Amino acid sequence: MLKVYNTLTKKKEEFIPLSTDEVKMYVCGPTVYNLIHIGNARPIVVFDAFRRYLIDQGYKVNFVQNFTDVDDKIIKKANEQGKDTSEIVDFYIKETLQDMENLNVLPATANPRVTNEMDEIIAMIEQLIEKGYAYAVCGSVFFSTDKFKDYGKLSKKVLEELEAGARIEIDNIKAHPMDFVLWKPKKDGEPYWISPWGKGRPGWHIECSAMSKKYLGDQIDIHAGGEDLIFPHHENEIAQSEAVNGKHYSKYWLHNSFLNIDNKKMSKSLGNFMLLRDVGEEFGYDTVRFFMLAAHYRSPLNFSDKLMESAKASLLRIKNCSEDLNFVLDHLKNESKNISTEFTQDEENLLTQIDSYNTRFYTALDDDFNSADAISIIFELVKTINSYIKTGKNKTLLLTFKETFDHFNDVLGLLYETEIKASSLTDEEILNYIAKRSAAKKNKDFATADQIRTFLEQNNIQIKDTREGVQFKRV
RNA sequence: GGCGGCAUAGCCAAGUGGUAAGGCAGAGGUCUGCAACACCUUCACCACCAGUUCAAAUCUGGUUGUCGCCUCCA
């Protein structure tokens with residue numbers, strides 16, 4: 001039974017979707033004015049893995065992630081570079097989608113862009129005005145926070161206290177200091193759309209409410225994003241959506257904790273961010289993915305080169321196991337005499353062990369998606385497999401190992417083909433060198449043997465001596 | 001000022017009432033021509049104080065430290 005921590009109730013709750021076989025999930029996407037940083041990558045990775053788990057549980061997941069493609073920072077960047085905003089936006093959306101692919105993120109069911117959804121956004125604002133939740137002043141439209149009685153239910157904030165906060169600028173065209181903007185009037189040099197209130201563009205919060213409504217309907221199962229979005233973004237979304245639809249909006253609100261750098265929040269505005277692109281190229285995107293899933297999504301996670309090195313070494317252990325297992329199975333194909341059909345007592349015990357790994361793996365993920373705990377089970381399985389393949393040859397058991405191991409890795413999306421550095425050598429050439437090295441070893445000409453090994457390593461080929469022969473892989 | 005999170009080995013990180021998963025790094029060993037990979041062994045009284053309990057890292061109160069939200073932010 002899956003339980004998730006719901007920010008709305010501050011409790012772990014049993015996950016029961018609105019419909020028995022489908023889950024509607026909305027994750028707030030990035031504002032596209034730069035390549036995404038590794039902090040942006042955390043919700044992307046974590047909620048992708050969560051989605052995979054739901055799929056594994058038999059749900060069809062309708063997964064929507066938007067791109068915010070109209071925003072002050074985008075306009076600023078366009079002006080700086082003397083380009084049209086659409087040019088900036090198209091470029092960064094393309095690059096962000098590439099980053100997601102590099103992270104082995106499943107494509108979303110829909111990736112709506114704000115600028116394509118203006119009709120829905122304007123229509124929603126009109127309805128808010130009609131229902132008395134919003135008012136227009138001087139080309140702006142504001143949401144009237146004190147009209148929505150549940151305002152603050154997600155962030156547990158009380159209007160009066162927010163009002164007392166010193167950091168809120170008093171804007172005298174607003175009826176209430178906490179009212180937030182739904183539509184802002186056009187300024188010089190800014191892109192604009194025509195609305196009943198004049199030329200302008202939408203406020204940030206209404207965009208997600210409108211896109212979520214259009215692509216998923218009035219009610220959704222899961223709304224997810226970074227914890228900093230709880231207030232005001234998600235709080236305002238609830239106000240807008242529930243005011244218009246008259247229904248409870250999202251059943252579960254999931255928020256990931258931050259990825260910090262030097263124990264400080266990383267953000268575009270603080271300027272202490274690292275681009276996913278750079279980190280991914282240096283340590284491998286699969287390492288980034290592993291790193292993020294190796295901690296619980298609601299725990300703060302610190303980032304450093306040292307930690308990435310460590311994560312890379314950890315992941316290598318899983319990769320090596322996968323390769324060794326495949327190698328042994330491959331080897332067994334050509335060698336029928338070694339295939340035993342009877343299980344020894346030890347092998348029977350291992351089958352029981354696999355069952356227990358399965359149970360523990362699912363128990364971990366059922367408990368608020370504890371991917372860190374689940375990964376620890378993978379490592380236990382790795383150890384068991386590594387021990388067995390040293391001597392064990394039972395094909396049925398080996399296949400059971402493989403099935404379980406691959407399944408665990410698939411649920412988290414952990415092992416996938418990453419870009420392989422081109423080597424000028426063909427497989428045939430490599431095998432040739434390996435044969436030469438083996439011959440040299442046989443003649444105790446170790447100098448030549450080592451020379452060949454070094455040569456191959458320089459060409460990004462790693463070789464490994466095993467009982468069954470020499471393995472190689474491109475790295 | 002208001003609200004919230006966190007504090008577990010050298011590092012990272014699970015565990016939320018019955019005497020501490022897992023990974024990296026380290027040490028010793030097996031394997032190897034040497035290495036890499038792998039395997040075996042080894043490595044924590046859980047920030048501090050008080051309390052509840054037969055029993056607490058785990059619950060309660062307090063202290064200290066730390067991070068975040070209240071403003072664009074994943």
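Remember, it's a predicted structure, so these values are computed and weren't measured experimentally. All heavy atoms count here, side chains included; hydrogens, waters and symmetry mates do not. Convention: sequence-line order gives letters A, B, ...; per-chain numbering from 1.
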message = Looking at B:C46, which nucleotide sits across from it as a Watson-Crick or G-U wobble partner, both distances under 3.5 angstrom, or is there none?
response = none

request  = Look at the side-chain N and O atoms of A:Asn40 and state whether any lies under 4.0 Å from the OP1 or OP2 oxygen of B:A74.
outcome  = yes

ask   = Is any side-chain nitrogen or oxygen of A:Asn370 closer than 4.0 Å to OP1 or OP2 of B:G15?
value = yes

ask   = Base, sugar-phosphate, or nothing: which does A:Ser304 touch, judged by heavy atoms less than 4.0 Å apart?
value = nothing

query = What's the closest nucleotide to the A:Ala295 side chain, out of B:A74, B:G2, B:A13?
reply = B:A13

request  = Among B:C72, B:G68, B:C69, find the nucleotide with the atom closest to the side chain of A:Glu227.
outcome  = B:G68

task = List in chain and number order the residues that pass side chain to side chain contact (heavy atoms under 4.5 Å, CB included) with A:Gln451, two or more places apart in sequence or in another chain; answer none if no residue qualifies.
result = none

query = What nucleotide, of B:A74, B:C37, B:C24, holds the atom closest to the side chain of A:Ala313?
reply = B:C24

key: Salt bridge present between A:Asp71 and A:Lys77 (N-O < 4.0 angstrom)   = no

ask   = Looking at A:Lys265, does any N or O in its side chain come under 4.0 Å of the phosphate oxygens OP1/OP2 on B:C69?
value = yes

Interatomic distance where NZ belongs to A:Lys464 and P belongs to B:C37 [whole Å] = 9 Å

message = Do the side chains of A:Asp286 and A:Arg289 get close enough for a salt bridge, i.e. N-O under 4.0 angstrom?
response = no

Measure all distances between protein nitrogen or oxygen atoms and nitrogen or oxygen atoms of nucleotides 31-34 of chain B, and list the pairs falling under 3.5 Å.
from, atom 1, to, atom 2, distance (Å)
B:G33, N1, A:Asp450, OD1, 2.9
B:G33, N2, A:Asp450, OD2, 2.8
B:C34, O2, A:Arg453, NH2, 3.2
B:C34, N3, A:Arg453, NH1, 3.1
B:C34, N3, A:Arg453, NH2, 3.3
B:C34, N4, A:Arg453, NH1, 3.3

note = Between A:Asn320 and the options A:Lys473, A:Lys464, A:Gln471, the side-chain hydrogen bond (donor to acceptor under 3.5 Å, both in side chains) test singles out A:Lys473

remark   = Closest of B:A13, B:C69, B:A38 to the A:Phe231 side chain is B:C69

query = Among B:C39, B:C24, B:G22, which is the nearest nucleotide to the side chain of A:Ser310?
reply = B:C24

ask   = Thinking salt bridges, do A:Lys174 and A:Asp179 make one under a 4.0 Å N-O criterion?
value = no

Residue A:Leu229, side-chain heavy atoms: nucleotide from B:C70, B:A74, B:A14 that is nearest = B:A74

ask   = Does a salt bridge link A:Arg360 with A:Glu380, judged by any charged N lying under 4.0 Å from a carboxylate O?
value = yes

request  = With P as the reference atom in both, quote the distance from B:A50 to B:G17 in angstrom, rounded to an integer.
outcome  = 24 Å

ask   = Would one find a side-chain N or O of A:Arg360 under 4.0 angstrom from OP1 or OP2 of B:A14?
value = no

